[in-house]
Amino acid sequence: MNCGVAVIDGGLATQLEALGADINDPLWSARCLISDPHLIKQVHLQYLEAGADILVTSSYQATIPGFLSKGLSIEEGELLLQQSVKLALEARDNFWKLNADNYYSRALVAASIGSYGAYLADGSEYSGHYGPDMNLEKLKEFHRRRLQVLVDAGPDLLAFETIPNKLEAQALAVLLDEENIQIPSWICFSSVDGEHMSSGEDFKECLDILNRNEKVNIVGINCSSPQFIENLILKFKKLTNKLLAVYPNSGEVWDGRAKRWLQPECVGEKSFDLLAKRWHECGASLIGGCCRTTPCTIRSISKLLKNMP
Ligand SMILES: C[S+](C)CC[C@H](N)C(=O)O
Ligand SMILES: N[C@@H](CCS)C(=O)O
Ligand SMILES: [Zn+2]
């Protein structure tokens, strides 16, 4: 990794869609694990080509209960979770065999673990409203088996993504301890106002909890507007000494009911790559893109941050 920065890949689900996959489904991108695994590998290869140092797997919305509701067995669901890691490891290894030269680094594979809200498939990863019956134990049990299966499949790290509230972050931190996870992990949050967690809670209380947990190596923001990121990095810098990861979306806003992306009310003037340079200057160490960002986005970041030709 060059210059103290690692480039994370870009949107996986939305790039699968761009390649023709139908992800309008409660499983969202995880549907492709059943129907189009070759497309998942193709997207991973596109991001490697674009200079990504870290590939995030296709398991964001892949859950055992989600697969069960499609009529699959527990064993079949677990195999699909393993497959998500295998596809990324194979893409990484194939690409590295052909491209172990000056400007590519051997990429790492981060197993994606989307929030409980992602599993609900109703956009609640941007509200954090999980209902009055939700509690720490339920969130731990929701996440436990998928975490075990993904870790056993051999990724280099874990990427908890689009976490919208403090309770879920706390559940994940406790789970990492209970399961004695030995690979590094990041926990990234969504924010819809650029100041708070999506739930409206303060980041401070949440980061105070994570600061006490050594299994969480990296914290940050994903799938939120790029316009919010600089302010949030400066905020996080005051609240934690952990490494910071930022991989915002394109700035479009997900309408969870209509299941479509809406144009932002106000469009910033700076391009994504220039913003990314600023995020690095402000202290982010891992930088990439989330939904609706593309291999072109990642190539432009790689050029600017790592001097990739
Ligand atoms: C990050 S959002 C665009 C993911 C999709 C959502 N969980 C859904 O299924 O509608
Ligand atoms: N890693 C997931 C995040 C969705 S918010 C993806 O890129 O599809
Ligand atoms: Zn996203």
Side-chain angles (χ1 to χ4, degrees), residues 7-19 21-33 36 39-40 42-44 46-47 50 52 54-63 65-67 69-70 81 84-85 87-88 109-130 142 146 150 155 157-164 168 185-192 198 220-226 228-229 245-262 264 272 286 288-295 297-298:
V7 171
I8 305 173
D9 65 6
L12 178 88
T14 50
Q15 187 60 16
L16 285 166
E17 218 170 12
L19 296 186
D22 178 4
I23 59 168
N24 191 358
D25 188 277
L27 290 181
W28 201 48
S29 53
R31 184 178 187 274
C32 295
L33 282 166
D36 304 292
L39 285 186
I40 295 175
Q42 192 179 334
V43 173
H44 287 324
Q46 288 183 333
Y47 281 122
I54 301 177
L55 290 181
V56 181
T57 64
S58 49
S59 42
Y60 176 78
Q61 207 149 312
T63 63
F67 288 133
S69 64
K70 288 276 171 191
L81 288 171
S84 68
V85 175
L87 286 165
V109 168
S112 169
I113 298 174
S115 58
Y116 177 71
Y119 156 70
L120 293 178
D122 61 359
S124 54
E125 60 264 70
Y126 302 114
S127 72
H129 297 155
Y130 291 171
F142 167 75
R146 170 171 56 166
L150 289 172
L157 62 155
L158 294 171
F160 296 99
E161 304 190 276
T162 329
I163 304 302
E168 190 162 21
S185 62
W186 77 56
I187 297 186
C188 283
F189 303 97
S190 57
S191 173
V192 289
S198 286
I221 300 287
N222 79 290
C223 216
S224 306
S225 169
F228 296 158
I229 298 298
V246 293
Y247 55 113
N249 57 32
S250 62
E252 291 157 277
V253 178
W254 179 246
D255 178 340
R257 277 205 191 151
K259 296 211 171 284
R260 64 192 178 113
W261 293 96
L262 307 173
F272 200 99
L286 300 95
C290 203
C291 295
R292 305 279 279 178
T293 65
T294 68
T297 319
I298 298 310

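Only this structure's heavy atoms are used, side chains among them; waters, hydrogens and symmetry mates stay out. Counting starts at 1 for both ligands and their atoms, in listed order.
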- [ ] Can you measure from CD1 (Ile298) to CD (Gln15) and round to the nearest 0.5 angstrom?
- [x] 10.0 Å
Open item on the list: Under a 4.0 angstrom heavy-atom cut-off, which atoms of ligand 2 come close to Thr162?
Closed with: 5 (S)
TODO: Report the nearest protein non-hydrogen atom to atom 1 (C) of ligand 1: residue, atom name, distance rounded to 0.1 Å.
DONE: Tyr126 OH, 2.9 Å
Open item on the list: Looking at ligand 2, is there an atom of it that comes within less than 4.0 Å of some heavy atom belonging to Ser29?
Closed with: no
- [ ] Taking only heavy atoms of Gly11 into account, list the atoms of ligand 2 that are under 4.0 Å away from them.
- [x] 7 (O)
TODO: Would you tell me whether Tyr247 and Trp186 have side-chain atoms, one donor and one acceptor, within less than 3.5 Å of each other?
DONE: yes
- [ ] State whether the shortest distance between N or O atoms of Glu125 and N or O atoms of ligand 1 falls below 3.5 angstrom.
- [x] yes
Open item on the list: Under a 3.5 Å threshold, yes or no: a donor from one side chain and an acceptor from the other, between Glu161 and Ser112?
Closed with: yes
Open item on the list: As an exercise, identify every atom of ligand 2 less than 4.0 angstrom from a heavy atom of Cys291.
Closed with: 4 (C), 5 (S)
Task: Side-chain H-bond candidate by donor/acceptor type, Glu125 with Tyr119, under 3.5 Å - done: no
Open item on the list: Checking side-chain polar atoms at under 3.5 Å, does Thr297 have a donor or acceptor matched by the opposite partner on Thr294?
Closed with: yes
Open item on the list: Geometry only, no angles: is Leu12 polar-contacting ligand 2 at N/O separations under 3.5 Å?
Closed with: yes
- [ ] Do me a favour and list the nearest non-hydrogen protein atom to atom 2 (C) of ligand 2 with residue, atom name and distance?
- [x] Glu161 OE1, 3.7 Å
Open item on the list: In this structure, does ligand 1 have an atom that sits under 4.0 Å from one of the heavy atoms of Ala118?
Closed with: yes
Task: Sidechain N-carboxylate O distance under 4.0 Å for Arg257, Asp122 - done: no
- [ ] Check whether any side-chain N or O of Glu168 sits under 3.5 Å from a backbone N or O of Tyr116 as a donor-acceptor pair, and report yes or no.
- [x] yes
- [ ] Using the Zn ion (ligand 3) as the apex, give the angle to atoms SG (Cys291) and SG (Cys290), rounded to 10 degrees.
- [x] 130°
Open item on the list: Give me the nearest non-hydrogen protein atom to atom 9 (O) of ligand 1 as residue plus atom name, then the distance to 0.1 Å.
Closed with: Gln61 NE2, 2.7 Å
TODO: Kindly indicate whether the side chain of Leu157, heavy atoms from C-beta on, has any atom under 4.5 Å from the side chain of Ser185.
DONE: no
Task: Contacting atoms of ligand 1, where contact means under 4.0 angstrom from a heavy atom of Tyr60 - done: 1 (C)
- [ ] Any atoms of ligand 2 less than 4.0 Å from a non-hydrogen atom of Cys290? List them with their elements.
- [x] 3 (C), 4 (C), 5 (S)
TODO: Before signing off on this row, confirm whether Ala13 and ligand 2 have an N or O atom pair separated by under 3.5 Å.
DONE: yes
Task: Proximity to ligand 1 by part of Trp261, non-hydrogen separation under 4.0 Å - done: side chain
- [ ] Just let me know how Tyr247 lines up against ligand 2, side chain, backbone, both or neither, with a heavy-atom cut-off below 4.0 Å.
- [x] neither
TODO: Identify the heavy atoms of Gly288 and Pro248 that sit nearest to each other, and give their distance.
DONE: O-CD, 3.6 Å
- [ ] List every atom of ligand 2 that sits less than 4.0 Å from any heavy atom of Trp28, numbering the atoms from 1 in the order shown and giving each element.
- [x] 4 (C), 8 (O)
Task: Check: Phe228 and Val192 side chains under 4.5 Å, non-hydrogen atoms - done: no
Open item on the list: Among all the protein's non-hydrogen atoms, which is closest to atom 8 (C) of ligand 1, and how far away is it?
Closed with: Lys259 NZ, 3.4 Å
Task: Heavy-atom pair with the smallest gap, counting every atom of Ser224 and Ser191 - done: OG-N, 3.0 Å
Task: Atom indices of ligand 2 within 4.0 angstrom of Cys223 heavy atoms, with elements - done: 5 (S)
